[in-house]
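Below: the structure, in structure tokens.
Every chain is numbered from 1, with letters handed out A, B, ... down the list of sequences.
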Amino acid sequence: MAEADTVIQMAGAAPVTGEAMLVAERLTRRFGGLAANQDVCLTLERGKLHALLGPNGAGKSTCINMLSGDLPPSEGRILLGGKDITGLGAAQRSRIGIGRSYQRTNIFPQFSVLENCRLAAQSRNPRPWKLFTDAMHLFDTLERARAAILEAGLGGREERIAGTMSHGEQRQLEIAMVLATDARVLLLDEPLAGMGSDESAQMVELLRGLKENRAILLVEHDMDAVFAVADTITVMVNGVVLESGPPEQIRNSADVQTAYLGDGHV
Amino acid sequence: MNPTTQSRVAMIFKLAVLAGVIAFPVFGSAFYTEMVAKVLVLAIFAMSLDLLVGFTGLVSLGHAAYFGIAAYAVALATPKYDPANLWVVFPLAVLAAALAAFFIGLFVLRTKGIYFIMVTLAFAQMAYYIFHDTPLGGGSDGIYVNFKPDATIAGWTPFDLNEPLQLYYIVVLALVAVFAFLSLVLRSPFGRVLVGIRSNEHRMQSLGYATFRYKLAAFTLAGALAGVAGFLYAVLFGFVTPEYLSWHQSGNVLMMVILGGMGNLGGAVLGAFAFIGLQELFSDWTKHWQLLMGGVIVAAVLFMPGGLSALPRRILKVVNGERGNG
Ligand SMILES: Nc1ncnc2c1ncn2[C@@H]1O[C@H](COP(=O)(O)OP(=O)(O)OP(=O)(O)O)[C@@H](O)[C@H]1O
Ligand SMILES: [Mg+2]
């Protein structure tokens with residue numbers, strides 16, 4: 001824990017745009033004989049949105065799972081603020097400021113929208129020893145949860161039971177929960193998939209605002225959205241990085257065109 | 001009925017039950033008063049298990065171990081010709097149960113699902129054999145607790161557990177205290193995390209919660225409260241046997257929780273009343289009462305999801321639904 005706290009301090013020390021926050025060094029993950037990720041290198045910088053593209057099965061979610069601690073890498077290192085965090089589990093990584101959303105909606109279906117986000121916010125200051133305090137009276141937590149609900153566009157739906165909402169609303173809740181944890185590194189796995197076009201547009205605006213003081217990794221199939229917000233794009237195919245660079249370079253890359261984007265896609 | 005009216009009605013029902021329990025010794029015979037006391041102690045036991053099964057999603061099939069360990073602590077700490085001091089033996093019994101739960105929890109909480117059920121049972125069986133087969137526990141006959149603990153503190157005796165009526169009200173007080181304590185804990189930040197773990201443990205982890213520690217705390221707390229019940233049971237009946245730790249006992253308390261409705265403290269109390277009530281009824285009719293009880297449990301699971309405590313809401317729904325259609 002002490003080690004984790006110093007990592008937070010280091011990451012917070014110099015609020016310079018472009019400072020490397022999360023670095024993946026030659027991440028490899030094998031499932032039996034299949035290398036779902038092979039020598040993947042990524043750098044997430046504060047103030048920048050890094051998009052990760054690739055066809056189905058390219059290994060994008062596997063990469064996020066390794067960065068978030070859901071899946072241990074077979075090889076390679078992960079650094080946060082220069083510190084090796086490869087050995088930390090998912091809960092510890094969340095506590096040092098790495099938040100993620102899931103491609104397959106992963107919420108508390110029986111709870112209200114508010115309780116979903118309240119639990120997310122409570123994780124920043126859990127106070128488990130306050131056995132006789134009503135959790136609804138932790139006002140800092142409530143405030144953070146409510147702000148996240150508004151940001152994700154779920155205002156007025158706090159009391160809805162999560163599992164009874166539409167698919168698109170559940171996708172919004174998925175994002176609201178990461179926001180409620182106040183993470184400074186965001187790993188978002190296809191956040192726009194399943195959202196309506198209005199919500200998508202709102203989410204793109206939100207991402208633009210969010211990246212100001214955060215580092216964001218965005219996996220997304222919606223090309224318009226990606227080119228609208230990305231500062232750097234990495235394209236993966238079959239578990240390896242095909243090309244990485246600024247949006248213009250990727251848009252004009254012949255390799256990417258043939259391997260992934262295809263004709264008429266961009 | 002809107003939710004606030006519903007919870008108000010539930011509150012009135014709980015107070016009515018409490019009033020009935022308080023008034024019972026005035027009307028009931030000594031025999032039935034002792035039986036109600038037994039039910040109340042088992043209700044505490046059931047609530048402690050419900051914290052695990054109903055609220056945290058940990059189905060323990062070895063919860064009797066902690067009940068029994070506390071009961072044996074009373075027997076072993078009571079001298080042959082003197083009463084033990086209540087203010088020593090009570091914390092001692094609860095602490096013994098909590099410690100056992102903590103150390104067993106360190107192992108069993110690393111497993112999930114069916115494996116969790118199996119290892120909680122296995123540890124309880126080990127505890128059972130320690131008291132059944134070693135010189136410590138006095139064999140299958142158990143040990144008599146010749147003297148009920150003495151409540152004297154600094155020369156003053158606030159109550160006397162040898163007086164059945166006073167003992168009865170101490171049990172009532174303990175039930176109310178445990179109920180109130182758990183109600184508070186469940187709405188605290190800690191309690192909310194437990195319910196979150198039941199709903200989606202993986203997500204709780206990715207939100208930053210060290211779920212293992214929370215589960216260990218819940219397991220230890222549940223063990224301690226089972227210890228409160230075990231202590232009272234030993235004091236009430238004046239003897240302990242290995243049967244207190246047996247898997248029958250673990251199964252019975254689980255059935256109380258299921259019958260009453262998991263994840264509902266009032267339900268656990270209701271379940272204890274229903275279970276012992278049915279047990280008395282059936283054993284009047286036949287020696288094979290367990291067969292009938294099994295049938296009732298199967299029927300309850302199939303036709304009464306949410307148990308007794310969910311019954312009023314379900315009936316209300318049906319009534320309202322028919323009115324809406326007609
Ligand atoms: N837990 C697992 N066990 C075995 N194989 C897996 C596992 N997770 C992923 N894979 C395999 O690894 C490869 C990469 O999967 P991954 O989910 O990372 O792809 P993706 O780029 O996220 O695809 P999509 O766009 O469909 O979400 C796939 O071939 C997949 O079948
Ligand atoms: Mg994926």
(message) Is the ring pair B/H63/B/F45 parallel, tilted or perpendicular, if the boundaries are 30 and 60 degrees?
(response)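 Plane angle under 30°, so parallel.
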(request) Describe, in one word, how the ring planes of B/Y214 and B/F190 are oriented to each other, choosing from parallel (under 30°), tilted (30 to 60°) and perpendicular (over 60°). (result)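 Plane angle under 30°, so parallel.
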Ionic contact status for [Y] with [X], cut-off 4.0 Å:
{"X": "A/D182", "Y": "A/R214", "answer": "yes"}
{"X": "A/R30", "Y": "A/E75", "answer": "yes"}
{"X": "B/K215", "Y": "B/E201", "answer": "yes"}

(request) Count the heavy-atom pairs under 4.5 Å between each of A/A180, A/G99, A/A90, A/A120 and chain B, then report the option with the highest count. (result)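 If we count pairs closer than 4.5 Å to chain B, A/A120 comes out on top.
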(message) At a heavy-atom distance under 4.5 Å, which candidate from A/L119, A/T141, A/V178 has the highest pair count against chain B?
(response)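 If we count pairs closer than 4.5 Å to chain B, A/L119 comes out on top.
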Please look at [X] and chain B and tell me whether the side chain, the backbone, both or neither of the residue comes under 4.5 angstrom of a heavy atom of that chain.
{"X": "A/I98", "result": "neither"}
{"X": "A/S68", "result": "neither"}
{"X": "A/R124", "result": "side chain"}

(message) Heavy-atom pairs under 4.5 Å with chain A - which of B/T211, B/L184, B/N200 has more of them than the others?
(response)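 Maximum pair count with chain A is reached by B/N200.
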